[in-house]
Amino acid sequence: MSYRELHYHWDYDLKADPEQLWPFVADTNRFNRDTGVPSVETAKTTRGRLRNARRRLRLSMYGVAVEWEEQPFEWIKPTRFGVVRSYSKGPIVELRALAELVPRPGGGTKLSYDLHLKPRTMLGAILVSLQMKFSSARRFAKVFRKYDELALAPTEATSDEEVELAPAAQSRLQSISEKLIAEGEDAQVVSQLVNFVASADDFAAARIRPYALADRWELPRRAVLETCLRSTRFGLLDLRWELLCPLCRGAGETGGSLSEISSQVHCETCRIDFTVNFDRFVELTFRPNALLRQVTSQNFCMGSPQKTPHIVAQQLLPAQSERALTLPLEPGKYRLRALELSGGQDVTVTHDGSSTASVTISEAGWPIHELKLANPSSLQLKNTTCAEQLLILERLAWGDQAATAAEVTALQIFRDLFSNEALRPGEQISVGTLTVLFTDLRNSTQLYREIGDATAFGRVMNHFDVLKRVIAEADGALVKTIGDAVMAVFRQPVSALTAMLNAQELLAAPADGSAPLKLKAGIHTGPCIAVTLNDRLDYFGSTVNMAARLEGLSTADDVIISRAVYEDPEVREFIEAETLQASPFEILLKGFQEEQFELWRVSRKAESVAADSRG
């Protein structure tokens, strides 16, 4: 028999808006740590699988074992979140927590925090009362005030926790900083990264995302990424690959090498199997090298709303029940789904959407029509099934702050620094859309006859250096050489076209005054598959095959591009803005069932070439 329920309520007038406060306040993993809650771990259960993302958790506080079953958090971003816990061990029988963020008329937020606690005994009630009065209330106020300061800071901070490094580690950091700058890395980027490694708390340091740091520091993303990559060679950071679940987007598995990645992965939280692709489900992150500092990854809350920031609303509806939600939603595409049911409801938020709507979840499935909502809108959810349902409303757009494997492996600096990175034998993983380039020297056989094998070989090697440089400058990567030919990949079609036009000009007029070289080039863009070939990361598929065919059509005074490349908006803009001409033609390509393809020859206009020769 439990003691009577205790209720505690606190109000805080904060300066930041709810949207600014949400990433801090809703990060209950950090909040629990900052308020002195011990770390938690998963407890074994003998009652079979828990439904709807419930968890069996435990911790130890003051030597007392505490164990509970936790319902999934419920929230509507950025206005409220709460959780219910039922305890089987410890001084409490049940806990219900609710935080609400209400905009104040003059700006800022009124934050209300409610705790409902059911002590197990009178002694438990006394202990809870003392904890709330002399510890929790003071800590809550301090932490929320600090989060208010962090939310309003010009650049996002992580905490006021002090990190102490050993003198040897501090000396090592200084040495690494000097080496990185000597290697040509930007001094400002190096300084920011080294300071972050030295001062960031364990939560932030355990998962360093280069693009997120770059945005926070207002520095170029590529510069921060390349500094992070190069720093692994000097012992500043360690590289990690994270496999992200397509639903919860949590890191289900991690590895220090691509060879540790499997194409088939299971997410325990969502209870789904999914096929990995480099374009979305594999993200590159870093953490400090262990010789500099030991970063401990602890969990203080397993179901924090901020762990899945793409989920804007999550609600647990009992069987045969309904609930009305007021949703402040940004324009865009969303999906409403239930954890225990297949399928879902497509949702679009636009200025001309409906301000009120209703969705019924039944055993027969989801409504077929797309739901169009305004911002804000009122959504009535009806669960007509015979079981409790965890309803999830999530943004479909993936955050662009992820440095994906598809992007990183298509960079020259990655291939230079991590030439041994390869998938496990037999694995084939989609990398999404890539732009593939093939080049070859025109009349190279004649070159060998005219100037001799040794001299011609040196010229060919030099031409590889030129190609590698212009490809890297255009954010591409040289994948391999085949005789006198080159295969390279880019994330953007316009980058490949720019690189090839520059390469043709450089090779046609060598700076050393040697005889010109004529470079043929073909470019195609489309889906590719990553594989390991000759112990290195390679690509194959119809996109690669077609790009190889296009190179053979080039006269070396042009670059042959496919329709997919030509129709890219950036390519069209580049062609129109530069002194270029694009001439269409059609041709049958062998190996493609004799299909007729529309292609374009892109070249410098005659007057531009003449002007360049006079100059």
*What are the two closest non-hydrogen atoms of P328 and P78, and how far apart are they?*
CG-CD, 3.8 Å

_Nearest-0.5 Å distance, OG1 of residue T285 to CZ of residue R240_ = 5.5 Å

*What's the shortest heavy-atom distance between L391 and A338, and which atoms?*
CD2-CB, 3.7 Å

*Between M61 and P38, which heavy-atom pair has the shortest distance, and what is it?*
CE-CD, 3.4 Å

*Under 3.5 Å side-chain donor-acceptor pair for Q315 and R323*: yes

*Roughly how far, to the nearest 0.5 Å, is the SG atom of C301 from the CD atom of Q306?*
12.0 Å

*Does A319 offer a backbone N or O that forms a donor-acceptor pair with the side chain of Q389 under 3.5 Å?*
no

*Close side-chain approach of S39 and N299, heavy atoms under 4.5 Å*: no

*Can you check whether W68 and Y87 have ring centres sitting under 6.0 Å from each other?*
yes

*By ring-ring contact (aromatic ring centres under 6.0 Å, His included), which residues pair with H7, not counting sequence neighbours?*
H116

_I need the minimum non-hydrogen distance between G343 and R337, along with the two atoms involved._
O-CB, 3.8 Å

_Those residues that, when tested against R54, pass salt bridge (Lys or Arg N to Asp or Glu O under 4.0 Å) (two or more places apart)_ = E69, E388

*Got a donor-acceptor contact below 3.5 angstrom from the S257 side chain to the E260 backbone?*
no

*Quick one: do R139 and D34 satisfy salt bridge (charged side-chain N to carboxylate O under 4.0 Å, His left out)? Show the steps, please.*
CA-CA 8 Å; R139 288 180 177 179; D34 292 346; over 6 Å; no

_Please tell me whether F140 and F31 form a close aromatic pair, meaning their ring centres lie under 6.0 Å apart._
yes

*Any donor and acceptor pair, going by atom type alone, linking the side chain of S259 with main-chain N or O of R424 inside 3.5 Å?*
no

*In terms of side-chain heavy atoms, does S263 have a donor or acceptor partner in E427 at a distance below 3.5 Å?*
yes

*Going by an N to O cut-off under 4.0 Å, is there a salt bridge joining E19 and K77?*
no

_Residues K307, F73; criterion side chain to side chain contact (heavy atoms under 4.5 Å, CB included); working and verdict_ = CA-CA 11 Å; K307 282 191 174 183; F73 272 76; over 6 Å; no

*Is there side-chain contact between I208 and L237, with at least one heavy-atom pair below 4.5 Å?*
yes

*Verify the neighbour count for atom CD of Q294: are there more than 12 heavy atoms of other residues, nucleotides or ligands below 6.0 Å?*
no

*Which value, rounded to the nearest 0.5 Å, describes the distance between L213 atom CG and L193 atom CG?*
7.0 Å

*At what distance, to the nearest 0.5 angstrom, does CZ of F81 lie from CD of Q314?*
13.0 Å

*Using the salt bridge (charged side-chain N to carboxylate O under 4.0 Å, His left out) rule, take R207 and E283 through it: C-alpha gap first, then chi angles, then the decisive distance, then the call.*
CA-CA 11 Å; R207 187 170 183 256; E283 180 179 359; 3.2 Å; yes

*Assess the side chains of T360 and S362: does a donor N or O sit below 3.5 Å from an acceptor N or O?*
no

*From CA spacing to verdict: salt bridge (charged side-chain N to carboxylate O under 4.0 Å, His left out), R293, D202*: CA-CA 10 Å; R293 60 177 288 192; D202 281 358; 2.9 Å; yes

*Would you say the side-chain atoms of Y211 and E407 include a donor-acceptor pair closer than 3.5 Å?*
yes

*In plain terms, say whether R55 and E41 are close enough for a salt bridge, that is, a side-chain N and a carboxylate O under 4.0 Å apart.*
no

*Can you name the residues that form a side-chain contact (heavy atoms from CB on, under 4.5 Å) with A141, not counting sequence neighbours?*
Y12

*Go through the steps for R33 and D27 under the test salt bridge (charged side-chain N to carboxylate O under 4.0 Å, His left out), then give the verdict.*
CA-CA 10 Å; R33 184 203 64 175; D27 188 352; over 6 Å; no

*asked:* Using only atom types and a distance under 3.5 Å, with no angle test, would you say the side chain of R56 pairs donor to acceptor with the backbone of A43?
replied: no

Report all side-chain donor-acceptor pairs from residues 365-372 shorter than 3.5 Å, counting only partners two or more places apart or in another chain.
from: W366; atom 1: NE1; to: S342; atom 2: O; distance (Å): 3.2
from: E370; atom 1: OE2; to: K333; atom 2: NZ; distance (Å): 3.3
from: E370; atom 1: OE2; to: T348; atom 2: OG1; distance (Å): 2.6

*Check whether the ring centres of W10 and F144 lie less than 6.0 Å apart, and answer yes or no.*
no

*Who are the salt bridge (Lys or Arg N to Asp or Glu O under 4.0 Å) partners of E149, not counting sequence neighbours?*
K146

*Can T404 and D279 be counted as having a side-chain donor-acceptor contact under 3.5 angstrom?*
no

*asked:* I'd like to know if the side chain of Q380 pairs up with that of E322 as donor and acceptor (distance under 3.5 Å, no hydrogens or angles considered).
replied: yes

_Interatomic spacing from OG in S355 to CG in N375 - rounded to 0.5 Å_ = 11.5 Å

*Under 3.5 Å, is there a donor-acceptor pair between the Q264 and T275 side chains?*
yes

_Heavy atoms from other residues, nucleotides or ligands near CZ of R80 exceed 12 (cutoff 6.0 Å)_ = no

*asked:* Quick one: does any side-chain atom of S304 pair with a main-chain N or O of A26 as donor and acceptor, under 3.5 Å?
replied: yes

*How long is the span from the CG atom in L111 to the CG atom in L101, to the nearest 0.5 Å?*
5.0 Å

*Which atom of T109 lies closest to which atom of A16, heavy atoms considered*: OG1-O, 2.6 Å

*Side-chain contact, heavy-atom cut-off 4.5 Å: L423 with F278?*
yes

*Is there a side-chain contact between P210 and R221 (heavy atoms, below 4.5 Å)?*
no

*Please list, chain by chain and in numerical order, all residues satisfying salt bridge (Lys or Arg N to Asp or Glu O under 4.0 Å) with D238, sequence neighbours excluded.*
none

*Of the non-hydrogen atoms in L327 and A313, which two are nearest, and what is the gap between them?*
CD2-CB, 4.1 Å

*Could you tell me whether the side chains of N383 and S321 share a donor-acceptor contact shorter than 3.5 Å?*
no

*Going by distance alone, is a donor N or O of one side chain under 3.5 Å from an acceptor N or O of the other, for R395 and Y334?*
yes

*Carboxylate-amine/guanidinium proximity below 4.0 Å for E70 and R85*: yes

*Any salt bridge between R96 and E5, counting N to O under 4.0 Å?*
yes

*Indicate yes or no for a side-chain donor-acceptor contact from Q428 to the backbone of I529 under 3.5 Å, with no hydrogens or angles considered.*
no

*Any chance the side chains of R58 and T42 put a donor and an acceptor closer than 3.5 Å?*
no

